[in-house]
Amino acid sequence: MDASVHRGARSSIDRNYIVSISIDKSYLLGYQLWGVELSVTPGCLLNMDPNEEVGLEERLKSALWLAIGKIVDDETIKLGVNATPQFIGALTEMVWAQIETVSQDLESFAKHAGRSTVNVSDVMLLARRNEGLESILRAFVDQQREEET
């Protein structure tokens, strides 16, 4: 579980950096996205003009909207209820705002530690006030470390 913070890359999403996160059937920062991978190639962000930045943000939000829409559809079918497109849109905006906040916090933790890369200790520090999330992340990290050895 490692997310790289690419300094110098410009984006209107977070103004100074991009966090690239791969999610595959695991919990990350309180959200479970099944088999959804959202990533940005760092090289594509260098020397990007403002119009391209807006386009990138729109594509990322669209990918997030699609992923959340699929999860909401699966859950509403299980529960036998309906969800409006407005609900999915509002949920997407809420998750987007949370991602922005989390990415800024993670960057601050890494920067405070004198690093330019976010690592597991930064994520664990972020999760310290949510005991349930912290235990899930700790179990995941322990499992990954066991598999590496």
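Residue numbers count from 1 along this sequence.
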### Message
As a quick check of understanding, evaluate side chain to side chain contact (heavy atoms under 4.5 Å, CB included) for Trp96 and Leu60, giving each step before the final call.
### Response
CA-CA 10 Å; Trp96 185 263; Leu60 288 172; 3.8 Å; yes
#### Entry: Full working for side chain to side chain contact (heavy atoms under 4.5 Å, CB included) between Leu64 and Val95
CA-CA 9 Å; Leu64 184 63; Val95 171; 4.0 Å; yes
### Message
Within the structure provided, determine whether Gln98 and Val102 are in side-chain contact (heavy-atom separation under 4.5 Å).
### Response
yes
### Message
For a 4.5 angstrom cut-off between non-hydrogen side-chain atoms, does Glu75 reach Val72?
### Response
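Counting from C-beta outward, Glu75 and Val72 never come under 4.5 Å.
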### Message
Treating Asp74 as the side-chain partner and Ile71 as the backbone partner, does any N or O pair qualify as donor plus acceptor under 3.5 Å?
### Response
no
### Task
Identify, with sequence neighbours excluded, every residue that meets salt bridge (charged side-chain N to carboxylate O under 4.0 Å, His left out) alongside Glu93.
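Partners of Glu93 under the salt bridge (charged side-chain N to carboxylate O under 4.0 Å, His left out) test: Lys61.
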### Query
Quick check: are there more than 12 heavy atoms from other residues, nucleotides or ligands sitting under 6.0 Å from CZ of Arg129?
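Atom CZ in Arg129 is not crowded, with 12 or fewer foreign heavy atoms closer than 6.0 Å.
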### Query
Please, which pairs that meet salt bridge (Lys or Arg N to Asp or Glu O under 4.0 Å) have at least one residue in residues 137-149, sequence neighbours excluded?
Glu134-Arg138
### Task
Provide the closest heavy-atom pair for Thr117 versus Ala110 in the form atom of the first, atom of the second, distance.
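So the minimum-distance heavy-atom pair works out to O-CB, 3.7 Å.
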### Query
Which heavy atom of Glu107 sits nearest a heavy atom of Val118, and at what distance?
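Where Glu107 meets Val118 most closely, the heavy atoms are N-CG2, 4.3 Å.
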Please report the interatomic distance [atom1]([X]) to [atom2]([Y]), rounded to the nearest 0.5 Å.
X      : Y      : atom1 : atom2 : value
Phe140 : Ile136 : CZ    : CD1   : 12.0 Å
Thr92  : Trp65  : OG1   : CH2   : 7.5 Å
Ile68  : Ile88  : CD1   : CD1   : 9.0 Å

### Message
Is there a side chain to side chain contact (heavy atoms under 4.5 Å, CB included) between Arg115 and Asn119? Walk through the geometry before answering.
### Response
CA-CA 9 Å; Arg115 291 181 275 105; Asn119 65 25; 3.3 Å; yes
